[in-house]
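Since this is a predicted model, take the numbers as computed values, not measurements. All residue numbers refer to positions in the sequence shown, counting from 1.
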Amino acid sequence: MKVAVDAMGGDHAPETVVEGAVLAARAHGVPVVLVGDAPRLEECLAAQKTRGLSLEVHHASDAIAMDEHGAKAIRRKKDSSLRVCFDLAKRGEVSAVVSAGNSGAVMAGALLILGRLEGVDRPAIASAMPTTAGGRVLLLDAGANPEAKPLHLAQWALCGEAYARRILGIARPKVALLSNGEEESKGTTLTRAAYGLLAQSGVEFVGYLEGRDIFAGRCDVLVTDGFTGNVVLKTVEGAASGMAMILKEEIEATRAARVGYLLLRGALKRFQRRLDYAEYGGAPILGVDGTAIVAHGASNATAIKNAVRVARDLAREDLGGALSDAARRASELSGAQTNNDD
């Protein structure tokens with residue numbers, strides 16, 4: 001079960017991407033196909049210890065830049081590393097695709113080349129975040145669809161619930177809608193309509209969740225539109241980075257603080273690891289007919305390693321049927337609600 005890695009995608013490509021792929025092959029035994037400029041990739045591999053590892057290089061003469069229009073680039077640049085990754089997946093030569101490159105192009109490539117699963121209106125990006133309860137909350141959509149309809153939110157909720165059961169091992173995942181208050185009367189026209197659908201869905205729907213409770217462990221799947229979801233994700237990343245900088249400044253401010261840091265160093269490192277996106281790998285695109293993982297553009301080698309692991313695990317599970325069923329159930333709920341309104 002091979003994973004194609006877009007070796008030219010990301011802020012630190014190709015060196016860091018190659019390093020992460022080597023780590024994945026070594027730590028998890030994942031066969032990896034590195035796609036990109038072959039001479040550069042061979043040079044990067046020569047700097048790594050790769051003996052006995054299942055690593056291949058597949059040449060691609062072009063690459064998609066981070067600032068390019070995703071859909072246009074994936075159509076026009078047919079020999080770009082990302083496009084070639086998806087072509088390999090479409091032909092069945094690899095089982096999954098991982099890229100830390102242009103997220104719009106990753107989404108476009110997944111849609112245009114792999115296609116949507118039967119029953120899915122719009123695929124969504126599902127991003128895992130840590131909770132104070134020691135688990136994870138799956139946020140979707142994390143940026144694929146800035147605008148959404150109630151049906152889309154319902155589909156993402158049921159698809160996320162299926163993912164949480166099958167991949168995260170949660171027997172009865174709790175599902176919530178992100179809103180500005182917990183009362184059923186809160187929210188927008190969009191969230192109130194989605195609330196009505198999910199209340200009838202049969203999943204463990206716990207209602208609305210406010211932003212301050214995202215990390216409290218009160219739900220396993222949190223649903224919102226892609227615009228809001230991406231803002232939440234970037235805000236969380238910025239807050240974590242800002243807190244780390246403030247803490248560093250305070251530690252360096254006095255001798256007593258530096259001594260205290262020595263005593264707390266182990267706990268602080270564990271705290272930092274829980275907040276580090278690199279530990280969670282990439283975010284899967286749920287709803288496409290295949291396995292595609294969007295990694296953070298600034299991914300380090302650890303993040304790439306974990307993204308490859310997530311891709312391998314998801315491809316092994318073959319969630320397509322479960323996600324299609326979930327999307328169809330949401331559509332049936334929406335259709336029934338429309339008929340009742342009429």
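- Heavy-atom minimum distance, T131 versus V137: CG2-N, 3.8 Å.
- One hydrophobic cluster, built from ILVMFWY side chains closer than 4.5 Å, holds both F86 and L112.
- Distance check, rounded to the nearest 0.5 Å: CG of N230 to CG of L139 gives 9.0 Å.
- Here the straight-line distance linking atom CD1 of I74 with atom NE2 of H69 works out to 12.5 Å at 0.5 Å rounding.
- The distance from atom CG of D121 to atom CG of L151, rounded to the nearest 0.5 Å, is 4.5 Å.
- Nearest heavy-atom pair across R26 and L53 is CA-CD2, 3.7 Å.
- In terms of heavy atoms, A126 sits closest to L286 at CB-CD1, 3.9 Å.
- Without hydrogens or angle criteria, S299 side chain to A303 main chain gives no donor-acceptor distance under 3.5 Å.
- Across I125 and G143, no two heavy atoms sit closer than the pair CD1-C, 4.4 Å.
- Salt-bridge check for R329 with D325: failed, with every basic side-chain N at 4.0 Å or more from each acidic carboxylate O.
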(message) Test side-chain contact (heavy atoms from CB on, under 4.5 Å) on L209 and L177; report intermediate values, then the result.
(response) CA-CA 6 Å; L209 192 77; L177 283 168; over 6 Å; no
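- Taking 4.5 Å as the limit, every side-chain heavy atom of L23 sits out of range of all side-chain heavy atoms of V308.
- Proximity of L158 to S201: side-chain heavy atoms (C-beta onward) are separated by under 4.5 Å at one or more points.
- Side chain of T16 to backbone of A301: no donor-acceptor contact under 3.5 angstrom is found.
- Once rounded to the nearest 0.5 Å, the distance linking CG of L319 with CG of L117 reads 9.5 Å.
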(request) Show your reasoning for whether side chain to side chain donor-acceptor pair (under 3.5 Å) applies to Q155 and S331. (result) CA-CA 7 Å; Q155 286 192 348; S331 296; 3.0 Å; yes
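- Using a 4.5 Å heavy-atom cutoff, the side chains of S127 and L138 are not in contact.
- You'll find the side chain of V3 stays beyond 4.5 Å of the side chain of T291, heavy atoms only.
- L82 has its side chain out of reach of N102: every pair of non-hydrogen atoms, C-beta onward, lies at least 4.5 Å apart.
- Put simply, the side chain of Y208 gets close to the backbone of K186: a donor and an acceptor are under 3.5 Å apart.
- Side chain of D141 to main chain of A124: no donor-acceptor pair is present (N/O by atom type, distance under 3.5 Å, no hydrogens or angles).
- For the pair E182 and R218, the salt-bridge criterion is met [side-chain N within less than 4.0 Å of a carboxylate O].
- Between K77 and R83, the shortest heavy-atom distance links the atoms O-CB, 3.5 Å.
- Hydrophobic clustering, with ILVMFWY side chains joined whenever heavy atoms are under 4.5 angstrom apart, keeps V232 apart from V206.
- The backbone N or O of A89 lies less than 3.5 Å from no partner atom in the side chain of E93, so there is not a single donor-acceptor pair.
- Salt bridge E19/K305: absent, no basic N to carboxylate O contact under 4.0 Å.
- Between M107 and P123, some side-chain heavy-atom pair lies under the 4.5 Å cut-off.
- Under the 4.0 Å criterion applied to side-chain N and carboxylate O atoms, D220 and K174 are not assigned as salt-bridge partners.
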(message) Working note: L41 + V18, criterion side-chain contact (heavy atoms from CB on, under 4.5 Å); need CA distance, chi angles, decisive distance, verdict.
(response) CA-CA 7 Å; L41 300 187; V18 171; 3.9 Å; yes
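- The closest donor-acceptor contact from the side chain of H28 to the backbone of R309 lies at 3.5 Å or more, if one exists at all.
- Checked by atom type and distance alone, the side chain of S324 pairs as donor or acceptor with a backbone atom of G320 at under 3.5 Å.
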(request) Go through the steps for V5 and V33 under the test side-chain contact (heavy atoms from CB on, under 4.5 Å), then give the verdict. (result) CA-CA 6 Å; V5 175; V33 179; over 6 Å; no
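- Heavy atoms of other residues, nucleotides or ligands lying less than 6.0 angstrom from CD of E118 number 12 at most.
- Interatomic distance, R75 CZ to S80 OG, rounded to the nearest 0.5 Å: 13.0 Å.
- Using a 4.0 Å cut-off between charged side-chain N and carboxylate O, R328 and E332 make no salt bridge.
- The CG atom of D225 sits 7.0 Å away from the CH2 atom of W156 when rounded to the nearest 0.5 Å.
- Transitive grouping of hydrophobic side chains (ILVMFWY, heavy atoms separated by less than 4.5 Å) brings F215 and L233 into a common cluster.
- Using a cut-off of 4.0 Å between Lys/Arg side-chain N and Asp/Glu carboxylate O, R192 and E184 are scored as not salt-bridged.
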(request) Test R165 against E161 for salt bridge (Lys or Arg N to Asp or Glu O under 4.0 Å), laying out the working first. (result) CA-CA 6 Å; R165 275 190 290 106; E161 194 265 356; 3.1 Å; yes
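- Other residues, nucleotides and ligands place no more than 12 heavy atoms under 6.0 Å from the CZ atom of R212.
- No donor-acceptor pair under 3.5 Å is formed between the side chain of D289 and the backbone N or O of R116.
- The hydrophobic cluster containing V120 also contains V223, counting ILVMFWY residues as joined when their side-chain heavy atoms lie under 4.5 angstrom apart, directly or transitively.
- With hydrogens and angles ignored, the 3.5 Å screen pairs no side-chain donor or acceptor of D62 with any backbone N or O of D79.
- Of the possible donor and acceptor atoms, one in the side chain of T235 sits under 3.5 Å from a partner among the backbone N and O of V231.
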(request) Step by step, work out the side-chain contact (heavy atoms from CB on, under 4.5 Å) result for T50 and V22. (result) CA-CA 7 Å; T50 62; V22 171; 4.1 Å; yes
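- The hydrophobic clustering, which links ILVMFWY residues whose side-chain heavy atoms are closer than 4.5 Å, places V288 and I64 together.
- At a threshold of 4.5 Å between non-hydrogen side-chain atoms, the residues L55 and L45 count as touching.
- The two residues S81 and M8 come nearest to each other via the heavy atoms OG-CB, 3.4 Å.
- For the pair V32 and L34, the minimum side-chain heavy-atom distance is below 4.5 Å.
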